[in-house]
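For reference, the structure is listed below as structure tokens.
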Amino acid sequence: MADIKTHLRELSVATTIGLLKNGTNFKLTDLYDSKKFFSYAHQVIVGDISSAKNLCDYDTFSGELKQIVDNGYNLGKKIFESSHFVINKDDEITWQGNNTQKDDPIDITVGKYRFSLKEESFILENMGLYKLLNCYTGSKYKKRHIFSDYARPEYENWFSVTWNELLSVLVRSNDVWSYNNTGKPRRSVIKLGADTVRLEYFENERSVACSVLPRNCKLKDFEHNTCTKIREQVFAKFINQNLENNPRYNTAKKHCAIVASEALAKELNDNLNYNAGLPRFLRIHSFDYYYAKTTSAGIQIYRVPSLESFGNDIIIESIVSSVPDKQANILTTIKNKKTGKKLVLRNECRFSHGQFNGTPEAKMYYEHGGSLLVIYEAI
């Protein structure tokens, strides 16, 4: 569903601009028909858009998808009618959704203009922790794990507490726990044996993944002997269903988050290097582009300066750790020396696909109520 929403958000803007640019006679309601929408997109966008053909899985866009089309239409119309943008009939429109290897935030181009598109979101980038470190310090990390690399003993304790709570639940449940995914032919099962614990994942009643772990399982055993499906669809499901309000689990998780985020903040402060990549962290690239988003309050369009024109007006005032509830965060306060305005950026260091599954990300948000005008220029 996330891919469909992303495709629809980006293509609805590009398609609206293309139809208006070409003088096509159409109505907003025409864009609710998925096949007509895709046909229009194919007509006005240069390049391959076949990876977005999943839009045609729907006959008509309704509910949340319809709202995305409405937002995209309104934003596309706003861009086309803005005196800031000079859009000619011959200008090509491209969609960057097929380019998965690019490092820039551009979603669509219209002639010479590049756009990064958002909706009701305060997120600036889904970045890996390694990228945060590299941008701040000039390090060359390829991978960093907020818990394993910065609080390994606490991370192992968090897992140990989780595993012991799992054993307790199994004992109380006659040695078996299972979860059926409502409306989907998926089933997760954990069985307690004399010396082992069996975690198994089924689709259409067929076993597609299984791990047998020792009853006294340690974190390294879990990491080496489970696959993504077991971690996400079985172990993380168990945590979600049974431990979200468990005080022992939450205490261990929070302690790990505090130790890890404090150690990470120390590394960032001790090795801060302004020449390393602050502009990259702030989504500044070698070219200028436009950051456009639609919210309940209306449409916002900002010009993001190029690296050449960015200058040295933005400084980092502070980098601190923060753990509200159990969430490991890094808060960066940036300041515009010219205007004196400040903005707090929050990197949430957390698992995206279930606890203990893979490498946590460091998604970057800007504060609610904060203004991107500290960095960017309003259009």
Side-chain angles (χ1 to χ4, degrees), residues 1-58 60-61 64-121 123-125 283 285 287-295 298-304 379:
M1 189 64 163
D3 285 340
I4 288 175
K5 291 178 184 177
T6 299
H7 293 164
L8 199 55
R9 183 183 71 240
E10 297 168 359
L11 290 176
S12 59
V13 178
T15 301
T16 297
I17 294 173
L19 293 173
L20 292 172
K21 173 179 72 74
N22 292 349
T24 304
N25 185 21
F26 77 105
K27 304 185 296 294
L28 169 59
T29 52
D30 293 336
L31 302 182
Y32 299 154
D33 182 309
S34 66
K35 292 179 177 55
K36 186 175 288 188
F37 177 98
F38 192 79
S39 175
Y40 275 146
H42 194 269
Q43 289 173 31
V44 301
I45 295 172
V46 174
D48 182 21
I49 64 168
S50 60
S51 62
K53 194 139 190 203
N54 55 357
L55 296 176
C56 296
D57 293 344
Y58 295 79
T60 303
F61 299 129
E64 188 177 5
L65 297 182
K66 175 179 176 293
Q67 185 61 56
I68 291 174
V69 173
D70 289 343
N71 290 344
Y73 171 83
N74 290 331
L75 178 54
K77 192 167 181 288
K78 178 82 169 180
I79 290 170
F80 181 76
E81 294 176 350
S82 170
S83 59
H84 181 86
F85 302 108
V86 179
I87 300 173
N88 300 311
K89 190 168 184 178
D90 293 335
D91 287 339
E92 290 188 346
I93 296 177
T94 71
W95 177 58
Q96 302 300 308
N98 282 325
N99 186 0
T100 58
Q101 301 303 313
K102 67 187 182 70
D103 190 45
D104 64 60
I106 306 307
D107 297 312
I108 66 170
T109 66
V110 181
K112 65 181 181 180
Y113 305 110
R114 304 174 179 91
F115 293 92
S116 176
L117 306 173
K118 301 292 180 186
E119 281 196 284
E120 287 277 5
S121 173
I123 192 167
L124 286 178
E125 181 176 3
R283 306 301 270 158
H285 291 269
F287 48 80
D288 64 359
Y289 67 95
Y290 295 87
Y291 177 93
K293 65 180 292 186
T294 306
T295 71
I299 293 170
Q300 300 169 14
I301 304 175
Y302 301 95
R303 178 183 170 273
V304 182
I379 298 303

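Only heavy atoms go into these numbers, but all of them, side chains included; no hydrogens, no water, no symmetry mates.
- Within the 4.5 Å cutoff, the side chain of Tyr113 has no heavy atoms near those of the Asp91 side chain.
- There is a side-chain donor-acceptor pair under 3.5 Å between Ser50 and Asp48.
- Taking every heavy atom of both residues into account, Ala292 and Ile301 meet most closely at CB-CG1, 4.1 Å.
- Within the 4.5 Å cutoff, the side chain of Glu10 has no heavy atoms near those of the Gln96 side chain.
- How far CD1 of Ile108 is from CD1 of Ile79: 6.0 Å, rounded to the nearest 0.5 Å.
- Nearest heavy-atom pair across Ile87 and Phe80 is CD1-CA, 4.1 Å.
- Between Thr294 and Leu117, the closest side-chain pair of non-hydrogen atoms is not below 4.5 Å.
- Between Asp104 and Tyr289 there is no side-chain heavy-atom pair separated by less than 4.5 Å.
- Ring pair Tyr302/Tyr291 is tilted by interplanar angle, where 30° to 60° counts as tilted.
- Inter-residue side-chain proximity for Leu65 and Val69 is flagged as unmet; no heavy-atom pair is nearer than 4.5 Å.
- Closest non-hydrogen pair, His285 versus Pro105, comes out as NE2-CD, 3.3 Å.
- Closest of all the heavy-atom pairs between Phe26 and Leu20 is CE2-CD2, 4.0 Å.
- Closest approach of Ala14 and Ile93 over heavy atoms only: O-CD1, 3.7 Å.
- Between Val13 and Asp107 there is no side-chain heavy-atom pair separated by less than 4.5 Å.
- Atom CD in Glu64 sits 10.0 Å away from atom CG in Leu8 (nearest 0.5 Å).
- The line from CG of Asn71 to OG of Ser12 is 8.0 Å long, rounded to the nearest 0.5 Å.
- Checked against the 6.0 Å centroid threshold, Phe115 and Phe85 count as a close aromatic pair.
- Two residues are said to be in side-chain contact when any heavy atoms from C-beta on lie closer than 4.5 Å; Ile68 and Phe61 fail this criterion.
- Rounding to the nearest 0.5 Å gives a distance of 6.0 Å between CG of Leu28 and OH of Tyr73.
- Within the 4.5 Å cutoff, the side chain of Thr6 has heavy atoms near those of the Arg9 side chain.
- Around atom NZ of Lys78, no more than 12 heavy atoms belonging to other residues, nucleotides or ligands sit under 6.0 Å away.
- Note that CG of Asn22 and OG1 of Thr24 are 5.0 Å apart. Values are rounded to the nearest 0.5 Å.
- For the atom pair Thr16 OG1 and Leu75 CG, the distance stands at 9.0 Å (nearest 0.5 Å).
- A side-chain donor-acceptor contact under 3.5 Å links Lys21 to the backbone of Lys89.
- Counting only residues at least two apart or in different chains, side chain to side chain donor-acceptor pair (under 3.5 Å) contacts with residues 25-45 comprise Tyr32-Asp70, Ser39-Gln43.
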